[in-house]
Amino acid sequence: MSTNSIIPFLDLGSTHAELKQELTDVFHKALTTATFIGGPVVEEFEGAFANFCDAKFAVGVGSGTDALRFALMACGVQSGDVVVTVPNTFIATTEAISQAGGLPEFVDIDERTYNMAPQKLGEYLESQCKRDASGRLISRRSGRPVNTVIPVHLYGQTADMDSILDLAERYVLIVIEDACQAHGAEYFSRRHQRWMKAGSMGHAAAFSFYPGKNLGACGEAGAVTTNDAAVAQKIKMLRDHGQAKKYYHDSEGYNGRLDAVQAGILHVKLAHLAKWNAQRRERAKVYKCLFASNRSVVTPIEPSWSRPVYHLYVIRTELRDAMAADLKGKGIGTGIHYPVPLQHQKAYAWLQYQAGDFPVCDEVSNKILSLPMYPQLTSEQQARVVREVLHFAQIQVFQPVASEFAKLAG
Ligand SMILES: Cc1ncc(COP(=O)(O)O)c(C=O)c1O
């Protein structure tokens, strides 16, 4: 490979080239059977995905946003209920809360894992909530009942679920996992004394199959996993206009179904997911090793209870913006997930959070940089990414010294 070749941030083309025949067969089958909505292809994928997640049920829906919204509604979120989550996530998490009638409130993240800090959730429940006369937990900030929490398994690493589930039990909260970036991520549960999959720990979990995810469709798609048959049944109704039988509507619902072409594609790819996740973990090890001697780059941390699947490989550096621009100039793609935390987005000005309410989130959002990470990334490409990152970091350190020296010398 030429040292100047482009290293894209994401490379879906190679994945699809490897699976070309199998993927094309899915399209042919859909065209021949003319079954595009529902049917056995969707059901077979749902069964296989539930199995992969160690969950009893998986219900295919139109997107990860649908999955979150339907999960919230099926688990009983009512108009005006507070749903607690983190500000360092994609806006779909909070859009789904609002669209289900809920009110998002935030707690800060853990600076090592970038996920919900259980300690901050505990503080919120203890000091920012009170009990009303009938014993309901009420947010002091909004005066609304608090009954649900959404931990987001960001970048492919689960939140510290035991600690969150302990709090949820104590305060009687529903837990919905936002597993949209965490297909196959594992968590060692001290409660159960075993590794558990993302999507099997809360009351329900939402997955996105947006094309760039670890398991990605060739269009929009998502799924909810749950161990609760009633929740699964409710989501089947919600995704299909509130009907279990055609034209008999128990309630209004949505057009939020997973289509058969996407389900077929996802089923083909699911067979490779464990291998791809293992390859991502290998690449994460290589990055960690290559960055080990450098102090200007902080690499991701894997707590002992976590087996992440590195949907994103996120480093932290003071030089973030200039470094991203420099890498772009050298043909290396990067991303920022996410540059503006949700409490600072215009869309949430009405929530009236104040500067400094979530200091950890603010601190990391200025420094995080996502590097290329995918199963097809070669060790040569990784070496070049690291070389360019470190080269840039060194120049930033030495340039001021060198120019002072040049001034003195001449
Ligand atoms: C954390 C998180 N939640 C929710 C979503 C929404 O998924 P979708 O784009 O499939 O609606 C995404 C997708 O990017 C996400 O990353």
Side-chain angles (χ1 to χ4, degrees), residues 10-68 70-71 92 179-184 197-200 204-226 232-233 235-241 243-244 246 253-280 309 311 374-376:
L10 188 65
D11 179 12
L12 292 180
S14 310
T15 312
H16 293 152
E18 281 169 27
L19 303 174
K20 192 171 172 193
Q21 190 54 53
E22 284 173 275
L23 295 177
T24 315
D25 288 348
V26 171
F27 285 98
H28 283 154
K29 187 170 172 189
L31 290 175
T32 340
T33 59
T35 308
F36 300 108
I37 308 292
V41 177
V42 174
E43 281 163 24
E44 280 159 22
F45 168 68
E46 289 174 333
F49 190 65
N51 198 31
F52 177 85
C53 296
D54 295 335
K56 283 193 184 142
F57 308 96
V59 184
V61 295
S63 65
T65 313
D66 274 356
L68 281 164
F70 297 161
C180 286
Q181 300 190 3
H183 320 67
K197 286 267 183 74
S200 69
F207 288 87
S208 165
F209 302 126
Y210 186 77
K213 301 296 193 214
N214 289 26
L215 179 62
C218 293
E220 302 282 358
V224 179
T225 54
T226 180
Q233 183 53 29
I235 290 164
K236 283 186 182 173
M237 306 273 286
L238 284 168
R239 74 176 173 182
D240 196 16
H241 301 287
Q243 61 186 357
K246 204 166 171 91
Y254 297 82
N255 179 350
R257 297 165 298 230
L258 171 64
D259 71 65
V261 170
Q262 301 307 338
I265 285 165
L266 289 165
H267 207 159
V268 167
K269 290 191 177 182
L270 183 61
H272 302 269
L273 183 56
K275 174 190 70 193
W276 289 337
N277 282 343
Q279 287 169 333
R280 284 174 184 268
V309 291
H311 171 56
Y374 32 88
Q376 296 78 11

(request) Nearest 0.5 Å please: distance from the NE2 atom of His267 over to the CD1 atom of Ile265. (result) 13.0 Å
(message) To the closest 0.5 Å, what do you measure between CD (Gln262) and NZ (Lys269)?
(response) 9.0 Å
(message) Going by side chain to side chain donor-acceptor pair (under 3.5 Å), name the residues that satisfy it together with Thr24, two or more places apart in sequence or in a different chain.
(response) none
(message) Under a 3.5 Å distance rule, please check whether His183 uses its side chain to pair with a backbone N or O of Cys53 as donor and acceptor.
(response) no
(request) Considering non-hydrogen atoms only, spot the tightest contact between His272 and Leu19 and give its length. (result) NE2-CD2, 3.3 Å
(request) Search all heavy atoms of Ala260 against all heavy atoms of Gly38 and return the closest pair with its distance. (result) CB-O, 4.0 Å
(message) Ignoring hydrogens, what is the shortest heavy-atom contact between Ala67 and Ala223? Give both atom names and the distance.
(response) CB-O, 3.4 Å
(request) List the atom of Leu266, the atom of Ala217, and the distance in Å for their closest heavy-atom pair. (result) CD2-N, 3.6 Å
(request) Report the residues that fulfil ring pair (Phe, Tyr, Trp, His ring centres under 6.0 Å) with Tyr254, sequence neighbours left out, ordered by chain and then residue number. (result) Phe70
(request) Identify, with sequence neighbours excluded, every residue that meets side chain to side chain contact (heavy atoms under 4.5 Å, CB included) alongside Val309. (result) Ala185, Asn214, Asn277
(message) A side-chain contact here means heavy atoms from C-beta on lying under 4.5 Å apart; do Val268 and Val26 qualify?
(response) yes
(request) Working to the nearest 0.5 Å, report the span between CG of Asp240 and NZ of Lys246. (result) 7.5 Å
(request) Only pairs at least two apart or in different chains count here, so list each side-chain hydrogen bond (donor to acceptor under 3.5 Å, both in side chains) that has a residue in residues 43-58. (result) Glu46-Arg239
(message) I'd like to know if the side chain of Thr225 and the backbone of Gly199 have a donor-acceptor N/O pair within less than 3.5 Å.
(response) yes
(message) Can you tell me how far apart CG (Leu215) and CG (Leu270) are? Round to the nearest 0.5 Å.
(response) 6.0 Å
(message) Taking side chain to side chain contact (heavy atoms under 4.5 Å, CB included) as the definition, give me every residue that meets it alongside Ser63, ordered by chain and number, with sequence neighbours left out.
(response) Thr65, Asp66, Glu220
(request) Could you note down all residue pairs passing salt bridge (charged side-chain N to carboxylate O under 4.0 Å, His left out) where residues 31-41 supplies at least one of them, sequence neighbours left out? (result) none
(message) Looking at every heavy atom in both Leu258 and Ala221, which two are closest together, and how far apart are they?
(response) CD1-CB, 3.5 Å
(request) Can you establish whether the number of heavy atoms outside Tyr210 located under 6.0 Å from its atom OH is more than 12? (result) no
(message) Does anything in residues 25-46 form a ring pair (Phe, Tyr, Trp, His ring centres under 6.0 Å)? List the pairs, not counting sequence neighbours.
(response) Phe45-Phe49, Phe45-Phe209
(request) Under the side chain to side chain contact (heavy atoms under 4.5 Å, CB included) rule, collect the residues that match up with Gln279, sequence neighbours excluded. (result) Lys275, Trp276, Arg283, Pro375
(request) Could you list the residues that satisfy side chain to side chain donor-acceptor pair (under 3.5 Å) with Gln181, not counting sequence neighbours? (result) Tyr338
(message) Run the side chain to side chain donor-acceptor pair (under 3.5 Å) test against Lys236 and tell me which residues pass, sequence neighbours left out.
(response) none
(message) If you compare all heavy atoms of Cys180 against all heavy atoms of Gly64, which two are closest, and at what distance to 0.1 Å?
(response) SG-CA, 4.0 Å
(message) Can you list everything that forms a side chain to side chain donor-acceptor pair (under 3.5 Å) with Thr15? Sequence neighbours excluded, please.
(response) Gln376
(request) Go through the structure and list residues passing side chain to side chain contact (heavy atoms under 4.5 Å, CB included) with Leu10, not counting sequence neighbours. (result) Leu12
